[in-house]
J.: 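If you scroll down you'll find the structure; I have some questions about it.
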Amino acid sequence: MAVSWKSWLANEGVKHLCLLIWLSLNVLLFWKTFLLYNQGPEYYYIHQMLGVSETGVTWCVHVAAHLVNALNFSVNYSENFLELNAARYQNEDPRKLLFTTVPGLTGVCMVVVLFLMVTASTYAIRVSNYDIFWYTHNLFFVFYMLLLLHVSGGMLKYQTNLDTHPPGCISLNQTPSQGVSFQDYVSEHVHGSSERFSKLQDHNQKTLVKICLEEPKFQAHFPQTWIWISGPLCLYCAERLYRCLRSNKPVTIISVISHPSDVMELRMVKENFKARPGQYIILHCPSVSALENHPFTLTMCPTETKATFGVHFKVVGDWTERFRDLLLPPSSQDSEILPFIQSRNYPKVYVDGPFGSPFEESLNYEVSFCVAGGIGATPFASILNTLLDDWKPYKLRRLYFIWVCRDIQSFQWFADLLCMLHNKFWQENRPDYVNIQLYLSQTDGLQKIIGEKYHTLNSRLFIGRPRWRLLFDEIAKCNRGKTVGVFCCGPSSISKTLHNLSNQYNSYGTKFEYNKESFS
């Protein structure tokens, strides 16, 4: 079966290969830089002063190495090489180098910024207070500005006149007898341990020292960090400008529907807006937050016959609560008649997107196995809506849709859509095109979806949790020798189980390719 490049990139084996290549490149760069600082003759004297601490390249090692460097610059202050010293005098307080120099102060600030970004990116903080994550994550721009300043201080210098002053050579005004060895001369005249020098330069005791024609000259490296980050930053700024221009006009809100279990549906139209099933958009409402915005999967995509598109979102945080209060008047929030459609003057809402996701590929498999947990059904809603309009242009010929919810009311979010889709394929004599299974994971007894029109769904409602292994075996048996795309949007426990089962061998020659989208 031909697989698109997006599906190829979503393959776990390809991801592991890319990760291995990336790690190998980092190790190669680390080793190359280590050898340069450790054995390069131009760094002979700086290595004498700092030792091996400067060879750190990775971030944690890099920070620790600079702390050691600050101490070594102070302790190993040399009157012979004033130009090379970062300290101003012997045993200067290393803290002054950290907080009174451009490289030191910017380095400390970068560590603080990176610490805030990493800690605020943890799952616990993202879930409990998304605002903290959002605002601290945008400190990356401050980090890059500090990085550009950090390398402009010229703290580390290299020797420029290696031809006229070979490292460790004897000055003409202090030339000893020609038979004096390098190690004896260093031991007598040069500050530091002769044992350290012998490891760097002279492993042969019979090697004679070269004569210096002039004093060593040192120069700071020309800053090169901008070469590596200016390109990506320019691309990022260009993309942000494009997105700003693309989303500068507010959308027209057609309707707001309140569904059971604190789920809202927002239907909109926007001029020249096009999207594919499985994609998502970013909503921004200035009345809720001037800077904060959130991504939502499209549950309805515009088509050639209708321009309406929509999203479903669950009210679970402060942003969605404020957004819900602006969309619907407070008096209607506790209404027992659901869904409730309210017409009113809505706040301005801006849409950025659409953006791609792995679920776009679900229509490009001949067989797709889609699993949703709770509100995780939203990525599949636009796909089901697309099949309801016209399924013939797509490669998909069989869809397994498994939806797991905790309460019976949650199934009403897309109950009408599922019923219409089932009826459509029965009328077209394709009853096997869509296989729908609904699982109610928490219940005190037998329950049904309220409404006579939902009889079709009630016959496909199961109490308890899916038996995943049996489902995989059944799908493999019914689709021998085919490649099945597995798509999951739900809790990590379900995702992990599906991932493991997708990688297991089956005796029917069926291959499962796993794809995933996370809640957070």
Side-chain angles (χ1 to χ4, degrees), residues 258-263 265 297 299 312 314-316 336-339 362 367-381 383-384 387 398-426 431-479 484 486-502 504 506 512 514 516-519:
S258 178
H259 290 287
S261 304
D262 288 328
V263 168
E265 180 180 357
T297 305
T299 53
H312 286 63
K314 191 173 180 63
V315 182
V316 292
E336 296 295 332
I337 304 176
L338 298 173
S362 59
V367 182
S368 288
F369 179 30
C370 300
V371 178
I375 195 63
T378 54
F380 306 113
I383 297 169
L384 299 178
L387 296 177
R398 181 170 295 176
L399 173 67
Y400 297 88
F401 180 64
I402 311 298
W403 190 7
V404 184
C405 290
R406 292 184 177 181
D407 56 87
I408 195 71
Q409 289 79 16
S410 299
F411 292 119
Q412 294 188 12
W413 301 337
F414 303 110
D416 291 330
L417 173 61
L418 294 176
C419 287
M420 287 189 293
L421 192 66
H422 174 268
N423 294 335
K424 170 186 174 66
F425 287 107
W426 269 84
D432 295 333
Y433 192 100
V434 177
N435 186 315
I436 301 172
Q437 295 185 26
L438 310 178
Y439 288 86
L440 188 59
S441 60
Q442 296 181 2
T443 179
D444 295 331
L446 185 62
Q447 299 186 37
K448 293 184 178 181
I449 303 176
I450 300 175
E452 182 64 28
K453 62 179 179 179
Y454 299 138
H455 174 73
T456 300
L457 297 183
N458 285 323
S459 63
R460 286 159 176 78
L461 179 63
F462 303 90
I463 306 301
R465 300 181 184 276
R467 302 173 69 177
W468 298 115
R469 187 176 297 277
L470 292 180
L471 282 173
F472 269 82
D473 289 342
E474 179 183 349
I475 294 174
K477 184 177 180 180
C478 295
N479 301 276
V484 179
V486 181
F487 299 86
C488 175
C489 185
S492 58
S493 57
I494 296 179
S495 176
K496 184 177 180 180
T497 300
L498 296 179
H499 192 181
N500 292 335
L501 290 174
S502 297
Q504 291 183 7
N506 64 81
F512 292 92
Y514 178 78
K516 170 181 177 287
E517 181 160 307
S518 176
F519 277 136

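Computation of the quantities below employed the complete heavy-atom set of this structure, encompassing side-chain atoms and omitting hydrogens, waters and symmetry-equivalent molecules. Predicted model, so just to flag it, every value in this text is computed and none were measured.
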J.: If I take atom CE from residue Met420 and atom CG from residue Leu384, how far apart are they, to the nearest 0.5 angstrom?
T.: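 If I round to the nearest 0.5 Å, the distance is 10.5 Å.
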J.: Give me the atom names and distance for the closest heavy-atom approach of Pro379 to Thr297.
T.: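 It is CA-CG2, 3.2 Å.
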J.: Nearest 0.5 Å please: distance from the CZ atom of Phe414 over to the CD1 atom of Ile436.
T.: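 One finds 13.0 Å between CZ of Phe414 and CD1 of Ile436.
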J.: What is the ring orientation for Tyr514 with His499, classed by angle as parallel under 30°, tilted 30 to 60°, or perpendicular over 60°?
T.: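 Plane angle under 30°, so parallel.
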J.: Show the nearest heavy-atom pair for residues Phe401 and Ala377, with the distance to one decimal.
T.: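 Here Phe401 and Ala377 meet closest at CZ-CB, 4.5 Å.
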J.: Between the main-chain N or O of Gly374 and the side-chain N or O of Lys314, is there a donor-acceptor pair closer than 3.5 Å?
T.: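 Between the backbone of Gly374 and the side chain of Lys314 there is no qualifying donor-acceptor contact (under 3.5 Å).
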J.: Answer yes if the side chains of His259 and Glu265 hold a donor-acceptor pair under 3.5 Å, and no otherwise.
T.: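 Short answer, yes.
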J.: Any side-chain to backbone donor/acceptor pair from Ser495 onto Pro491? Under 3.5 Å, distance only.
T.: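 Pair absent, no side-chain N/O of Ser495 close to backbone of Pro491.
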J.: I need the minimum non-hydrogen distance between Arg406 and Leu440, along with the two atoms involved.
T.: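 The pair with the smallest heavy-atom distance is O-CD1, 3.6 Å.
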J.: State which residues pass side chain to side chain donor-acceptor pair (under 3.5 Å) with Lys477; sequence neighbours excluded, sorted by chain then number.
T.: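 Expected list: none.
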J.: Taking side-chain contact (heavy atoms from CB on, under 4.5 Å) as the test, write out the residues that go with Gln437, two or more places apart.
T.: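 Expected list: Ile402, Asn435, Tyr439, Phe462, Leu471.
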J.: For Asn500, check side-chain contact (heavy atoms from CB on, under 4.5 Å) against everything at least two apart and list the hits.
T.: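 In terms of side-chain contact (heavy atoms from CB on, under 4.5 Å), with neighbours along the sequence ignored, Asn500 is linked to Lys496.
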J.: Contact between Val484 and Tyr400 at the side-chain level, heavy atoms closer than 4.5 Å - yes or no?
T.: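 Side chain of Val484 against side chain of Tyr400, heavy atoms only: no contact under 4.5 Å found.
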J.: After noting the C-alpha distance and the side-chain angles of Cys419 and Leu457, does the key distance pass the side-chain contact (heavy atoms from CB on, under 4.5 Å) rule?
T.: CA-CA 7 Å; Cys419 287; Leu457 297 183; 3.6 Å; yes
J.: What verdict does the side-chain contact (heavy atoms from CB on, under 4.5 Å) test give for Val315 and Val263, after you've listed the backbone C-alpha separation in whole Å, the side-chain angles of each residue and the deciding distance to 0.1 Å?
T.: CA-CA 6 Å; Val315 182; Val263 168; over 6 Å; no
J.: Using ring centroids (six-membered ring only for Trp), state whether Phe369 and Phe512 fall under 6.0 Å.
T.: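 No - the distance between ring centres of Phe512 and Phe369 does not fall below the 6.0 Å cut-off.
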J.: Do Ser502 and Phe472 have side chains that approach each other closer than 4.5 Å (heavy atoms only, starting at C-beta)?
T.: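 Touching, per the 4.5 Å side-chain cut-off.
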J.: Quick one: which residue pairs count as a side-chain hydrogen bond (donor to acceptor under 3.5 Å, both in side chains) with a foot in residues 462-473, not counting sequence neighbours?
T.: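 For residues 462-473: Arg469-Gln504.
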J.: Nearest 0.5 Å please: distance from the SG atom of Cys370 over to the CZ atom of Phe380.
T.: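 It comes to 4.5 Å.
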J.: Kindly write out the residues that satisfy side chain to side chain donor-acceptor pair (under 3.5 Å) with Thr299, not counting sequence neighbours, or none if the list is empty.
T.: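 Here the qualifying residues are His312.
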J.: Answer yes or no: is there a donor N or O on one side and an acceptor on the other, between the side chain of Trp403 and the main chain of Val371, under 3.5 Å?
T.: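 Not confirmed, Trp403 side chain does not pair with Val371 backbone.
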J.: Tell me the closest heavy-atom pair linking Leu387 and Phe425, and the distance in Å.
T.: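 Of all heavy-atom pairs spanning Leu387 and Phe425, the closest is O-CZ, 4.3 Å.
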J.: Asn423: what forms a side chain to side chain donor-acceptor pair (under 3.5 Å) with it, not counting sequence neighbours?
T.: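 Asn423 satisfies side chain to side chain donor-acceptor pair (under 3.5 Å) with no residue once adjacent residues are dropped.
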J.: Would Leu418 and Leu438 satisfy side-chain contact (heavy atoms from CB on, under 4.5 Å), going step by step from the backbone distance to the final call?
T.: CA-CA 11 Å; Leu418 294 176; Leu438 310 178; 4.2 Å; yes
J.: Taking the side chain as everything from C-beta on, heavy atoms only, tell me whether Asn479 gets closer than 4.5 Å to Arg398.
T.: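 They are in side-chain contact.
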J.: What's the separation between atom CD1 in Ile375 and atom CG in Asp262, rounded to the nearest 0.5 Å?
T.: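 These two atoms lie 10.5 Å from each other.
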J.: Assess whether side-chain contact (heavy atoms from CB on, under 4.5 Å) is satisfied between Cys489 and Thr378, documenting all intermediate values.
T.: CA-CA 9 Å; Cys489 185; Thr378 54; 5.5 Å; no
J.: So, does Ser368 use its side chain to make a donor-acceptor pair with the main chain of Ser362 at under 3.5 Å?
T.: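 At least one qualifying donor-acceptor pair exists.
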J.: Looking at every heavy atom in both Ala381 and Leu417, which two are closest together, and how far apart are they?
T.: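 Minimum heavy-atom contact is O-CD2, 3.7 Å.
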